[in-house]
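Here is the naming used below: chain letters follow the sequence lines, and residue numbers restart at 1 for every chain.
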Protein chains: 2
Amino acid sequence: MKRSLADKIEQYLKVLIERSDDKQIEIQRSELAETFSCVPSQVTYVISTRFTEAEGYYTESRRGGKGFVRIRRYHLENGGASRKELVAFIDELLQDDALTTSQSDLLKHLISYSFKDIPPEYRRRLYKQFRKVVLDYVNLD
Amino acid sequence: MKRSLADKIEQYLKVLIERSDDKQIEIQRSELAETFSCVPSQVTYVISTRFTEAEGYYTESRRGGKGFVRIRRYHLENGGASRKELVAFIDELLQDDALTTSQSDLLKHLISYSFKDIPPEYRRRLYKQFRKVVLDYVNLD
DNA sequence: CTTTTCTTTGACTATTGTTGACTATCTATT
DNA sequence: AATAGATAGTCAACAATAGTCAAAGAAAAG
């Protein structure tokens, strides 16, 4: 299998991301270009073609002295993440006395009104994440 | 993560502010410049780019003998677009007995861990929205 | 072989950070 | 009140990054 330079850079970055604690890395564009003996814009090319949101990554950057490019991987989840399910889950926790009424009320309020102007795919992710974080919270003791 | 001098000064000041009783500090520009071995105008640069009103800070200063720069953190009416500010806001509500400890703990947990995988522009929106929704919730009675 | 798509490169642009010379304002002293 | 000294602010030049875009080259598809 013949791999292009772009492929190699992509691989390199993905390994770094997977090995990181928080699935996130920060690189310096010109430094990476140096490592692969290519022009800096090649790095930009790789990042913009292979680390797109559709592929489960998002990036941030800063120019100027000590500038950087940060790449973060998130998990694309397709499992049932809806408001309804999340509310039902919270009710379960309430039944189990894992949450108080005042907590579950607040939670439901948040769930119902906080995600209004967030695009659906992110909203699903938030429902999912909320579930995970709440569960994590009640298991803290 | 490599941090620029400006980043370090910003961090330093923010720690001082958060540790202060009244979320407010007074510094001497040239003294701080001395601490970081840089020119005084670097301090001005940091303050004007990272302690803006948009970011939730007010600054005042006085020239001449015993001059100073005062930086004060406040809470944005429709801002609060950062985790830190939102957590501070929750703490305020706790102080005012608008929220119970169990509620604020849960909230802070949610705020800290739920938005990790959301792109920054939506994350900011979520922080703002969260603030609004929590405020709305405590005003329900 | 031709066309299309992907890769590589480099010139130019945009943004952020650092420095220093010059200016403005305040306090203390005369 | 005038003046000197001590601060802080402004601004423009320069440095250090990253981004854009289009052209040229390479690889894949037809």
Sequence-distant partners of K23(B), salt bridge (charged side-chain N to carboxylate O under 4.0 Å, His left out), two or more places apart: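 Salt bridge (charged side-chain N to carboxylate O under 4.0 Å, His left out) check on K23(B) returns E18(B).
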Set of residues satisfying salt bridge (charged side-chain N to carboxylate O under 4.0 Å, His left out) with respect to R63(A), sequence neighbours excluded: none
Pairwise salt bridge (charged side-chain N to carboxylate O under 4.0 Å, His left out) hits with a residue in residues 104-113 of chain B, at least two apart: D91(B)-K108(B)
Within residues 32-44 of chain B or reaching into it, pairs that qualify as salt bridge (charged side-chain N to carboxylate O under 4.0 Å, His left out) - sequence neighbours excluded: none
When the distance from [atom1] of [X] to [atom2] of [N] is rounded to whole Å, what number comes out?
| X | N | atom1 | atom2 | answer |
| --- | --- | --- | --- | --- |
| E26(A) | dT17(D) | CD | C1' | 14 Å |
| E60(B) | dG9(D) | CD | P | 12 Å |
| E31(B) | dA6(D) | CD | C1' | 14 Å |
| R3(A) | dT7(C) | CZ | C1' | 15 Å |
| I47(A) | dT20(D) | CD1 | C1' | 14 Å |

Row check, Y113(A) ring normal vs K132(B) NZ/CZ: under 6.0 Å, within 45°: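 Checked: cation-pi criterion not met.
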Show the atom names and distances, to 0.1 Å, of all donor-acceptor pairs under 3.5 Å that link a side chain in residues 38-50 of chain B to residues at least two apart or in another chain.
residue : atom : partner : partner atom : Å
T44(B)  : OG1  : R29(B)  : NH1          : 2.9
S48(B)  : OG   : T44(B)  : O            : 3.1
S48(B)  : OG   : Y45(B)  : O            : 3.2
T49(B)  : OG1  : Y45(B)  : O            : 2.9
T49(B)  : OG1  : V46(B)  : O            : 3.4
R50(B)  : NE   : E10(B)  : OE1          : 3.0
R50(B)  : NH2  : D7(B)   : OD1          : 2.5

For [N], does OP1 or OP2 lie under 4.0 Å from any side-chain N or O of [X]?
| X | N | answer |
| --- | --- | --- |
| S61(B) | dT7(D) | no |
| S48(B) | dG9(D) | no |
| S30(B) | dT7(D) | no |

Y74(B) and Y58(B) aromatic ring geometry - parallel, tilted or perpendicular at 30°/60° bounds: parallel
Contact pattern, 5' to 3', of nucleotides 22-30 of chain D - B, S or - by protein heavy atom under 4.0 Å: -----S---
Base-contact (B) and sugar-phosphate-only (S) positions in nucleotides 15-21 of chain C, heavy-atom cut-off under 4.0 Å, - elsewhere: BBBBBB-
Pairing residues for F130(B) by the ring pair (Phe, Tyr, Trp, His ring centres under 6.0 Å) criterion, not counting sequence neighbours: F115(B)
Inter- and intrachain pairs under ring-ring contact (aromatic ring centres under 6.0 Å, His included), touching residues 8-31 of chain B, at least two apart: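 Sorted result for residues 8-31 of chain B: Y12(B)-F36(B).
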